[in-house]
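First the structure, in the form of structure tokens, and then the observations on it.
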Amino acid sequence: MPLPVLLVIAHGSRDPRHAATVHALVRRVRSLRPDVRVETGFLDFNVPSVQGVLESLAAQGVRDVVALPLLLTRAFHAKADIPAVLADAPPRLRIRQAEVLGPSPLLLSALERRLYEAGLAPADKSSTGVVLASAGSSDPEAIAVIANIAREWRHTGWCAVRPAFASASLPRTEDAVRELRELGCARVAVAPYVLAPGFLPDRIARGAADADVLADVLGPAPEVARLLLERYEAARLPVPLAALGA
């Protein structure tokens, strides 16, 4: 029996760097699991569309699909947009929607990778304050998740970690940078908690003007690729009866 197709669902953007980064991540996923067919669909702005990919898969005789939202939090897209698109899929397809990527220890590892690539060293942790800069959301659940990640990350040895948001919520990146300066951190780093470049990541970068270090977006970090496959495996495998209380 063939493995389910992994359909990575990305938001899409007018910024060409977005799709290029998504495709780079998907290539890394394919290299890790050449036995799994991996496709990419976009909700908006880019092609192929999610609906187009699903129709193509059905026409090719595919039966099983794991739809994986390329999202870091369970906000509007994961709760409404993606289920609505999947509900309109060809009826012959059996689709399971995987969980969003965050939170996960692998994402914290990817964030630290990007900070070290930007010039920090592990020995700098205790004297460095970090801004965990996300795109932002109007969903209180998503905001609470980001705040909790910042608290947990602080316990791994950083001087301090503060959440910041590029839209919808406060504080902004520049405000969190200023707060960490006032707190007395010897250096301040900004870690974008975003997957690909675009309008809001550019706003994060502008807000990091007074920081000492600005990390790159998570993009095709090895940890992110591994996380996609973790979510795929969890979605494709049947739930044990014990987990259902049997």
Side-chain angles (χ1 to χ4, degrees), residues 11 69-79 99-219 221 223-224 226-227 230-231:
H11 183 274
L70 199 60
L71 301 168
L72 296 174
T73 58
R74 271 186 51 77
F76 182 78
H77 294 303
K79 294 177 180 178
E99 290 294 327
V100 297
L101 299 182
S104 168
L106 284 170
L107 290 174
L108 291 183
S109 296
L111 287 165
E112 294 204 357
R113 171 189 291 275
R114 293 301 190 225
L115 286 169
Y116 297 149
E117 289 172 349
L120 288 180
D124 298 326
K125 288 186 77 167
S126 62
S127 58
T128 301
V130 179
V131 178
L132 180 67
S134 77
S137 173
S138 57
D139 188 312
E141 178 188 347
I143 297 304
V145 167
I146 299 298
N148 190 55
I149 292 170
R151 284 192 296 269
E152 290 185 2
W153 201 17
R154 161 69 181 84
H155 295 315
T156 65
W158 296 101
C159 173
V161 180
R162 295 289 186 272
F165 307 95
S167 68
S169 306
L170 296 174
R172 294 287 182 257
T173 302
E174 53 268 33
D175 300 324
V177 169
R178 185 164 50 250
E179 180 185 349
L180 291 172
R181 291 276 186 224
E182 293 170 352
L183 193 63
C185 297
R187 66 184 63 77
V188 175
V190 173
Y193 191 63
V194 293
L195 287 164
F199 176 75
L200 293 178
D202 283 350
R203 181 179 288 176
I204 290 172
R206 291 193 297 273
D210 291 332
D212 301 295
V213 173
L214 170 63
D216 199 358
V217 299
L218 294 170
E223 296 85 356
V224 179
R226 284 168 50 203
L227 181 55
E230 280 192 7
R231 296 290 188 255

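Quick caveat, the model's predicted, so the values are computed rather than measured. The first residue in the sequence is number 1, and the count goes up from there.
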**OP:** Apply side-chain contact (heavy atoms from CB on, under 4.5 Å) to the pair V194 and I204, showing each step before the final yes or no.
**Re:** CA-CA 10 Å; V194 293; I204 290 172; 4.2 Å; yes
Original post:
Judged by atom type as modelled, is there a donor-acceptor pair below 3.5 Å linking the side chain of D202 to the main-chain atoms of F199?
Top reply: no
**OP:** Could you check if a side-chain atom of L218 sits within less than 4.5 angstrom of a side-chain atom of L72, using non-hydrogen atoms only?
**Re:** yes
Subject >> Lys/Arg-Asp/Glu bridge criterion (N-O < 4.0 Å) met for K125, E112 >> reply: yes
**OP:** Please say whether more than 12 non-hydrogen atoms of neighbouring residues, nucleotides or ligands are located less than 6.0 Å from CG in D210.
**Re:** no
Original post:
Is any side-chain heavy atom of C185 less than 4.5 Å from a side-chain heavy atom of C159?
Top reply: yes
Original post:
With no hydrogens and no angle check, is any side-chain donor or acceptor of T173 less than 3.5 Å from a backbone partner on A133?
Top reply: no
Subject >> S137 side chain vs A142 backbone, donor-acceptor pair below 3.5 Å >> reply: no
Subject >> Ionic contact status for D175 with R172, cut-off 4.0 Å >> reply: no
**OP:** Would you name the heavy atoms of D216 and P192 that are closest together and state the gap between them?
**Re:** O-CD, 3.9 Å
Original post:
If you measure only the distance, is there a donor-acceptor pair under 3.5 Å linking the side chains of R187 and S127?
Top reply: yes
Original post:
Does the S169 side chain pair with the main chain of F165, one donor and one acceptor, at a distance under 3.5 Å?
Top reply: no
Table please: side-chain donor-acceptor pairs of residues 99-108 below 3.5 Å, with sequence neighbours left out.
unit_1, atom_1, unit_2, atom_2, d
S104, OG, L106, N, 3.1

**OP:** Kindly indicate, with the supporting measurements, whether the criterion side-chain contact (heavy atoms from CB on, under 4.5 Å) is fulfilled by I146 and T73.
**Re:** CA-CA 8 Å; I146 299 298; T73 58; 3.9 Å; yes
Original post:
Under 3.5 Å, is there a donor-acceptor pair between the side chain of D212 and the main chain of A189?
Top reply: no
**OP:** Give a yes or no on whether a salt bridge exists between K79 and D139, defined as a side-chain N under 4.0 angstrom from a carboxylate O.
**Re:** yes
Original post:
Got a sec, which pairs hit ring-ring contact (aromatic ring centres under 6.0 Å, His included) with one end in residues 130-157, sequence neighbours left out?
Top reply: W153-W158
**OP:** Could you tell me whether E117 and R114 have a side-chain N and a carboxylate O separated by less than 4.0 Å?
**Re:** yes
Original post:
Is there a side-chain contact (heavy atoms from CB on, under 4.5 Å) between V190 and L132 once you walk through the steps?
Top reply: CA-CA 6 Å; V190 173; L132 180 67; over 6 Å; no
